[in-house]
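Following: one structure in C-alpha cells, then a few remarks.
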Amino acid sequence: MAESGAELKREVIDAAARFADTPDLRSVLVTSVLNLEKLEYDLYRGKHHWVPRSQRLFGGQIVGQALVAAARSVTDQLHVHSLHCYFLRAGDPKVPVLYQVDRTRDGRSFCVRSVKAIQHGQPILTCQASFHMSQPSPLEHQFTMPSVPPPDALLTVEELIQRHLSDPNVADVTKQGLNKILAEEVPIEIKPVNPPDFRRHVVMEPKKLFWVRAKGHIGEEDMKLHCCVAAYVSDYSLLPTALLPYPKYRAQFSASLDHAMWFHNTFRADQWMLYECESPWAGGSRGLVQGRMWRQDGVLAVSCAQEGVLRAKNTTQSKL
Ligand SMILES: CC(C)(COP(=O)(O)OP(=O)(O)OC[C@H]1O[C@@H](n2cnc3c(N)ncnc32)[C@H](O)[C@@H]1OP(=O)(O)O)[C@@H](O)C(=O)NCCC(=O)NCCSC(=O)CCCC(=O)O
C-alpha cells in the first residue's frame, strides 16, 4: 500500500536524523580542530586542518581554539559573551599551537580569561574572553535582518565556480585559480546572496552577504562549542570585503591584525546563518571590517569587527 505524504515525510526526517548522528558525519571542526588536547592545568595543544594558500595559519582557527581553551576553565552556568584578540605573529603550519590560559578574574556574574597562543616559545595571538551568567533584562533591541533569498534558493560557492568554469571563454589563469579554490578543504559551506564577480572587473560597495554554516553535524547541546565554531567561521572571507571597491588592485600582503566578537543569542553554527559583512573604512594600508551573523529566523546572533593590514598593488600598471 502506498504511504501517505505525511508518513513518507516522517521517514525521510527520521532517516536524515539517523544519518546526521553517524559519527563520521560530525563536523571536523568538532572532532579535530576544536578538540584540544589537554597537556597540563590550563595548557592545551591544537591541531591544524585547512591551511590557507598564504601558508600562515588561518586566524579563525587560532581564535576558535583559544576560545575553546578559555571555555574549558569556566562553569556551565557561564556563557561566552565577547572576545578580543590581537594576531601578533604569523602562525606556522609546521608545528602545533599551545594555548595557555590565565584565569584573570572570577566575578559574581562576569568572569574573564586571557589566553596566549604560543609557537616556537613566542605568542602568536593574545585573546581575552569574557563570560557571563545570563540575566533577564527589560532592555532588548536589535537591527532588522536584511531581506534576502533563503539558502535553499541559492547555490554554494563550489556550484557557482563549476558553473563559471563551464563557460569556454574563461581564461586559463582564472581556471587555475578557481580549481585551486575547489581543491581546498575548508570546513565551511557558503552560499553567496549575490554571485561573486570571479573576473574581478566590477567596482562594488564594500559590503557582502552570504549564508554560512559549518560542514557536518555538531548537535545542539553545547552552546559554547557553537560559539567556538562561529569564531572559526567569522574570520573567513571577512577582510576581503574591504577590497571589493578596488578590482584593479590585488592584495600583495593581507592579514588580520585583531578580531573582536560579541555573542548576543543562542544559535547553531551547523545551521545556515546569514553573514552580513561591511567595511566602513580603509586607509593607510589597513582596512576595518564589521560582521553580523543572523539566524534564519531573523535573530541577531553574533557581531564581530576586525582590522587587517592590506598592502595592495595596482595590477593594471604598465610593467615597463
Ligand atoms: C601583521 C604583522 C605582519 C606585523 O608585523 P611586522 O613585524 O610589523 O611586519 P611588517 O613590517 O608589516 O612586515 C610584514 C611583511 O610585509 C612587508 N612589508 C613591510 N612594509 C611594507 C610595505 N610598505 N609594502 C610592502 N610590503 C611591506 C615586509 O617585508 C614583510 O614581508 P616578509 O614577511 O618579510 O616577506 C604581524 O603582526 C603578523 O604577522 N601578525 C599575524 C597576522 C595573522 O597571521 N593573522 C591571521 C591570519 S590572516 C587570516 O586568517 C585572514 C584570512 C582571511 C581570508 O582570506 O578569508
Side-chain angles (χ1 to χ4, degrees), residues 20 25-30 33-34 49-50 52 58-65 67 80 83 142-143 145-162 181-182 184-198 204 206-220 222-244 256 259-279 289-306 308:
L25 290 177
R26 293 187 70 205
S27 168
V28 69
L29 289 171
V30 174
V33 181
L34 300 174
H49 178 65
W50 163 71
F58 173 48
Q61 176 186 291
I62 313 171
V63 177
Q65 292 182 338
L67 186 58
V80 58
L83 60 81
Q142 63 157 65
F143 282 0
M145 177 170 152
S147 176
V148 300
D152 294 352
L154 297 167
L155 299 178
T156 62
V157 171
E158 287 78 8
E159 287 164 339
L160 288 164
I161 291 178
Q162 297 286 12
I181 296 177
L182 286 181
E184 291 191 69
E185 285 183 40
V186 186
I188 303 173
E189 280 182 281
I190 286 183
K191 291 191 170 192
V193 168
N194 298 113
D197 170 26
F198 291 120
M204 291 164 86
K207 288 183 184 191
K208 63 179 165 184
L209 288 157
F210 52 92
W211 292 100
V212 65
R213 69 178 177 191
K215 278 184 188 161
H217 179 74
I218 297 178
E220 60 189 311
D222 187 351
M223 191 53 222
K224 284 202 194 80
L225 185 56
H226 286 281
C227 292
C228 298
V229 174
Y232 183 103
V233 169
S234 65
D235 189 35
Y236 189 76
S237 202
L238 179 61
L239 191 54
T241 312
L243 294 170
L244 291 176
S256 30
H259 193 79
M261 299 184 78
W262 295 266
F263 300 94
H264 312 302
N265 256 299
T266 55
F267 61 91
R268 280 188 59 164
D270 55 352
Q271 292 182 351
W272 291 113
M273 289 202 287
L274 182 68
Y275 200 11
E276 184 187 8
C277 303
E278 57 191 4
S279 171
V289 280
Q290 294 164 342
R292 282 189 281 273
M293 281 187 193
W294 301 88
R295 282 188 345 208
Q296 242 183 296
D297 62 0
V299 168
L300 181 60
V302 182
S303 299
C304 59
Q306 173 176 110

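The side-chain heavy atoms of V63 and D235, taken from C-beta on, include no pair separated by under 4.5 Å. Contact annotation: the side chain of E278 never approaches that of V289 to less than 4.5 Å [non-hydrogen atoms, C-beta and beyond]. Residues L67 and Y232 are not in side-chain contact: their nearest non-hydrogen atoms beyond the backbone lie 4.5 Å or more apart. Side-chain contact check for L244 versus D197: every heavy-atom pair is 4.5 Å or farther apart.
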Q142 vs V299, side chain to side chain contact (heavy atoms under 4.5 Å, CB included): CA-CA, chis, key distance, verdict: CA-CA 8 Å; Q142 63 157 65; V299 168; 4.2 Å; yes
Go through it in stages, so that I can follow the logic: the residues are M223 and F267, the test is side chain to side chain contact (heavy atoms under 4.5 Å, CB included), and I'd like the CA-CA distance, side-chain angles, deciding distance and then a yes or no. CA-CA 8 Å; M223 191 53 222; F267 61 91; 3.3 Å; yes
Run the numbers on I190 and T156 for side chain to side chain contact (heavy atoms under 4.5 Å, CB included), then give the verdict. CA-CA 6 Å; I190 286 183; T156 62; over 6 Å; no
Please determine whether side chain to side chain contact (heavy atoms under 4.5 Å, CB included) holds for the pair V186 and H49, giving the CA-CA distance in whole Å, both sets of side-chain angles, and the decisive distance to 0.1 Å. CA-CA 8 Å; V186 186; H49 178 65; over 6 Å; no
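With sequence neighbours left out, R295 forms a salt bridge (charged side-chain N to carboxylate O under 4.0 Å, His left out) with D297. Qualifying side-chain contact (heavy atoms from CB on, under 4.5 Å) partners for E220, counting only residues two or more places apart in sequence or in other chains: R268. Partners of Y236 according to the ring-ring contact (aromatic ring centres under 6.0 Å, His included) rule, which considers only residues two or more places apart in sequence or in another chain, are W50. For F210, the ring-ring contact (aromatic ring centres under 6.0 Å, His included) criterion is met by Y275, not counting sequence neighbours. With sequence neighbours excluded, no residue forms a side-chain hydrogen bond (donor to acceptor under 3.5 Å, both in side chains) with H226. By the side-chain hydrogen bond (donor to acceptor under 3.5 Å, both in side chains) test, Q61 is found to be paired with H48, residues two or more places apart in sequence or in another chain being considered. In terms of the side-chain contact (heavy atoms from CB on, under 4.5 Å) criterion, residue partners of P151 (sequence neighbours excluded) are, by chain and number, K191, W211, W272, Q296. E276 pairs by the side-chain contact (heavy atoms from CB on, under 4.5 Å) definition with P146, L209, R292, W294, not counting sequence neighbours. Residues that satisfy the salt bridge (charged side-chain N to carboxylate O under 4.0 Å, His left out) test with E184, not counting sequence neighbours, are R53. Residues passing the side-chain hydrogen bond (donor to acceptor under 3.5 Å, both in side chains) test with S279, sequence neighbours excluded: none. With sequence neighbours excluded, the residues that form a side-chain hydrogen bond (donor to acceptor under 3.5 Å, both in side chains) with K208 are S237.
Put simply, CD1 on I218 and CG on L34 are 8.0 Å apart, with the number rounded to the nearest 0.5 Å. Between the CZ atom of F58 and the CD atom of Q65 there is a distance of 11.0 Å, given to the nearest 0.5 Å. The line from NE2 of H259 to CD1 of I62 is 11.5 Å long, rounded to the nearest 0.5 Å. Distance check: T241 OG1 to Q290 CD gives 10.5 Å after rounding to the nearest 0.5 Å. In this structure, CG on N194 lies 9.0 Å from CG on L154, to the nearest 0.5 angstrom.
Contact record, C304 with L238: SG-CD2, 4.2 Å, taken as the closest heavy-atom pair. For the residue pair S303 and L300, the shortest heavy atom distance occurs at OG-CD2, 4.2 Å. Of all heavy-atom pairs spanning V229 and A269, the tightest one is CG1-CB, 3.5 Å. Contact between L160 and F198 at its shortest, heavy atoms only, is O-CE1, 3.8 Å. Taking each heavy atom of M273 and A301 in turn, the nearest pair found is SD-CB, 4.3 Å. L29 and P187 make their closest contact through CD2-CG, 3.8 Å (heavy atoms, listed as atom of the first residue, atom of the second, distance).
Between E189 and R213 a salt bridge is recorded (basic side-chain N to carboxylate O distance below 4.0 Å).
Applying the salt bridge (Lys or Arg N to Asp or Glu O under 4.0 Å) test to pairs two or more places apart or on separate chains, none has a residue in residues 150-160.
Donor-acceptor pairing under 3.5 Å is lacking for the side chains of H217 and S27.
Among S256, S234, C277, the single residue meeting the side-chain contact (heavy atoms from CB on, under 4.5 Å) criterion with Q306 is S256.
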